[in-house]
2 protein chains.
Amino acid sequence: MNVTGHTRRPASIRDVATAAGVSYQTVSRVINGHPSVKPSTRERVLAAIDELGFRRNATALALASGRSRAVTVLTANTTHYGYASILRGVEEAARAASYAVGIGVLESAEQPAVAAEVQRAADAGGGLIVIAYDPAGVRALAAVPAELPVVGVVETPASPPGGDRPWVWTDDREAAHEATRHLLSLGHETVHYVAIPSSTRRTSARTTGWRQALKEAGAPEPRPVQGSWGPAGGHAAGRELAKDPAVTAILCGNDDLALGVLRALHEAGRSVPGEVSVAGFDDAPHSAYLTPSLTTVRLDFTGLGRAAFALLHGVLEKSAQIAPHPVSVPELVVRESSGPPSARG
Amino acid sequence: MNVTGHTRRPASIRDVATAAGVSYQTVSRVINGHPSVKPSTRERVLAAIDELGFRRNATALALASGRSRAVTVLTANTTHYGYASILRGVEEAARAASYAVGIGVLESAEQPAVAAEVQRAADAGGGLIVIAYDPAGVRALAAVPAELPVVGVVETPASPPGGDRPWVWTDDREAAHEATRHLLSLGHETVHYVAIPSSTRRTSARTTGWRQALKEAGAPEPRPVQGSWGPAGGHAAGRELAKDPAVTAILCGNDDLALGVLRALHEAGRSVPGEVSVAGFDDAPHSAYLTPSLTTVRLDFTGLGRAAFALLHGVLEKSAQIAPHPVSVPELVVRESSGPPSARG
DNA sequence: GCGCCTTGTGTGACCGGTCACATTCATGCC
DNA sequence: GGCATGAATGTGACCGGTCACACAAGGCGC
C-alpha cells in the first residue's frame, strides 16, 4: 500500500512497469487479462499495481480505445416517479457493468435547445438513453445523429418517431386496457379518461388501450380530458368532471393526475369510491397511503431502465447479449379508490 | 456545412488546421479565445471549424489539460423528492456552466461498497457532490480522498463528519423550530415528532430545532419516534401515536412520513386536523393535494443543488466566485392538516 | 540442422487535445 | 543602424492509455 503522504499524481502504467521491471505494454496486458503473460510476470505486475495503488485512467482509456464505458440519460424530468425510477434502473445496471452514468435534462422542448443538449450528451462519449415520454424527449431522440448508439425509452412500440433504433417500452396499451376493464367490470357504464400529455401527435398508448376496452364492452366513449403531468393538471380536470353527475369512473394517466382528481372530487363533495371510482397509473410510492388508497397499474420502471441499459450495452459491445424482450408485464393493483357505482345511479 | 455522407470520424483540430492553412496550435488558440491571433486568421479558422462541423473532443481535453468539466453526484437515492430535486438543481447549474453531470447511487451503506462507489466516481474525473443526508452519504463523504475536490450537501452545518470541506445545507433546525412553534401557537400542549433516520449518531438538525422550540415554550418533550424515509415508516409510527389520546400534534421529518401518519390516523378513526394536527417537511409536489392538504415547510432543494455546484465550480476553477452563503430560507406553508386542538381535550 | 509456429515480451506510433518553448516579423527606441 | 520588445505563428513533447508490429526463445516436424 502506498504510504508516501505526498499528494502526487496517481501512478500510470509506466510507473507500474518500472516498479515491476517490465515494459508498459506488459502491464497493459495484465490489466486487460491478455492470456500470453507468464504467470510469474503477471504476479510481479499485480504486486506493483497493488503497491502503487494503480487505477486505470478512464479518460486515457476512452481516448485511446474509443470505448468510453459511459452512458448518458437524456430526460425532460428528474423528479417524477416514473422518470426517476427509470434513471435508477439504468444506473443500477450500469454500475453492475462498471459503466459511468451521465444525465442531461431537456429543460425546454424547443428544437434548438434540444439539439444542443443532444450534442452535449454526444460530446460526453459513450451511448445515449433517451426517455421519450414527452415532446422534448421525442425530439431529442429524433435529433440524435444516426451514427450514435442510442436506445429510446418510448411510450408506444410501433415505429417510434426516432427512426429504426432499438427501444424499450412498457405495455401501456395493455395496462390501460386492464384498468379500464376493471372499472367496467365493477358495473360502471363507462370510464372517463384524464390523459397525460401525448408525446407525439398520435394518440398515446394509454388512450388507445382505454378506448379499446370501452369499445369491446360496447360502452360509450367520452372525450378524454387533457391533463398535464402533475397533480395540478389532475385537479383542474377533476373539477370539470365533478360537475357532471354522469361521471362515475375516472381513469387517470398517472398517479399524480389521480391525486389531483381525488382532491377535486373531495372539494366538490363527491365521495370516492361511493359516487365516483378513480384509478391511476404507475403505482407511485405514496399511492398506497392516500385516503382513499389508489387503485392503479404498477409499471416496472426500474426494470425498464435496466432493460434500456442492457440493450445499449449490447450495442456498444458487440458481445451483443441483446435481451429477448425486455417488456415487463403491468400489474393492476386494486385498492380503495375503485368500487361499484352507487345504487342510486 | 459538412455534406459528405460518409460516417467518418469527427474532425480534429489538425483537420481544421489543414483546411484553414494554419498549424493545429493556431486552431487551439482560436477555440480557446487566445488574444494574439490575427483577426483574418481567426476568421479563416472559424470558417473551417464551421465547414467541418468541428467539436472539441471532451475526452482529449480532459486527458491533456487535467480539467474535465464534469461533476459526479453521489447519492443514496434518486426517487425521493428532496434528493431528486437536488440533483436537478446541480444539473441545471452544471448545464449553464457547460459541465457534464454524472450520477452514482450508493446502494448499500456498507463501508466497502461505499468506498468502491467513491472510487468509481473519482475515476470519472472532475469534482464530486455528495448528498450526505443518510449514513451511506455520510460515509461516502468521509471516504473521499483529501485531494479530491468535493462539496457535501449536509444536514447540519457545524463541523460535518466529512472533515474540513466545503458544504451546503438548508437550515433544517430553524425550519423545524418554525413548524413546531406554529403547532404550539395553535394551542397544542406539545408536539410529537416522527424522525427521519439520522445521518449520524448525533441528533439531526430537525430534531434539535423541534426540541428547542418545545423547550422555549416550556412544553413537555416526548420521545421522538423513529421513522424511515418512506410512507411505510410514517404509517407504522402513526399507528403507535394514534393509540395515545394525549397526542394532538405530530411533526414529521418529511412529507412522505406525514402521509403515512395521516393514513394511520385515518385508519384509527382520528380526524385531522380535528383531533390531531400533522405537519411535514419538504413540501413535496403532492402535499398540497392530499386530503387534508398538508401543512409543511418548503425547502429549496433545487437551489441547494445549484449552490452545491456553484461552490464546487469555484473550487475547480480558481475563478473562485464562491457564493456568499447559499443557505435559502425555509418557508412554512400552512394548509389544512394543522389546526387548534379540539375543545374537548 | 533448418524452417515454422507459438509464447512471451518490447518498441514506436497514435488517440486529440494542451503546454512550453522556438521562431519570424514588424515595431519602437536610442 | 542595431537591438530589445511584443505580436503572430509553428514545433516537439506530453497526458495515459491502446494498437499494430517486431523480435527473441522454445518446441516440434521432417
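First the proteins, then the strands, lettered A, B, ... as listed; each starts at 1.
Here L61(B) lies in heavy-atom contact (under 4.0 Å) with sugar-phosphate atoms only.
One atom, CZ of R44(B), and another, P of dT9(D), lie 8 Å apart when rounded to the nearest Å. Residue R14(B) contributes atom CZ, which lies 10 Å from atom C1' of dG12(D) at whole-angstrom precision. In this structure, the CG atom of L52(A) is 15 Å from the C1' atom of dG16(D), given to the nearest Å. Rounded to a whole Å, the OH atom of Y24(A) is 11 Å from the C1' atom of dG16(D). Taking atom CG of residue N57(B) and atom C1' of nucleotide dG16(C), one finds them 6 Å apart after rounding to whole Å. Atoms CZ (R67(A)) and C1' (dC19(D)) sit 10 Å apart, rounded to a whole Å. Protein atom CD1 of I13(A) is 16 Å distant from nucleotide atom P of dT9(C), rounded to whole Å. Counting to the nearest Å, the P atom of dG8(C) and the CD atom of E43(A) are 15 Å from each other.
Of the residues L61(B), I49(B), V45(B), the one that meets the side chain to side chain contact (heavy atoms under 4.5 Å, CB included) test with I31(B) is I49(B). When each of D134(B), T78(B), N77(B), T75(B) is checked for a side chain to side chain donor-acceptor pair (under 3.5 Å) with Y83(B), only D134(B) meets the rule.
Residues S98(A) and R120(B) have side chains in contact (heavy-atom distance under 4.5 Å, counting atoms from C-beta outward). Here the side chains of R95(B) and E117(A) are in contact, with some heavy-atom distance below 4.5 Å. Side-chain contact between E317(B) and R69(B) is present, with heavy atoms from C-beta onward closer than 4.5 Å.
Nearest nucleotide to the side chain of S36(B), out of dA7(D), dG10(C), dT18(C): dA7(D). Of the candidate nucleotides dT9(D), dG8(C), dG17(C), dT9(D) has the atom nearest to the side chain of V37(B).
For D15(A) (side chain) and S12(A) (main-chain N/O), a donor-acceptor pair under 3.5 Å exists by modelled atom type.
At dT9(D), one or more side-chain N or O atoms of T41(B) fall inside 4.0 Å of OP1 or OP2 (strictly under the cut-off). Put simply, N32(A) has a side-chain N or O that comes within less than 4.0 Å of OP1 or OP2 on dT18(D). Dashed line: the shortest gap from a side-chain N or O of R55(A) to OP1 or OP2 of dG17(D) is not under 4.0 Å. Look at S23(A) and you'll find a side-chain N or O under 4.0 angstrom from OP1 or OP2 of dG10(C). An OP1 or OP2 oxygen of dC15(D) is reached within less than 4.0 angstrom by no side-chain nitrogen or oxygen of S12(A). Neither OP1 nor OP2 of dA7(D) sits under 4.0 Å from any side-chain N or O of R29(B). Taking 4.0 angstrom as the limit, R56(A) places a side-chain polar atom (N or O) nearer than this to OP1 or OP2 of dT18(D). Contact annotation: T26(B) does not reach the phosphate of dT9(D) (side-chain N/O to OP1 or OP2, under 4.0 Å).
The residue among T59(B) and Q25(B) whose nearest nucleotide of DNA chain C is located toward the 5' end is T59(B). Both S65(A) and H34(B) lie near DNA chain D, and the one whose nearest nucleotide falls closer to the 5' end is H34(B).
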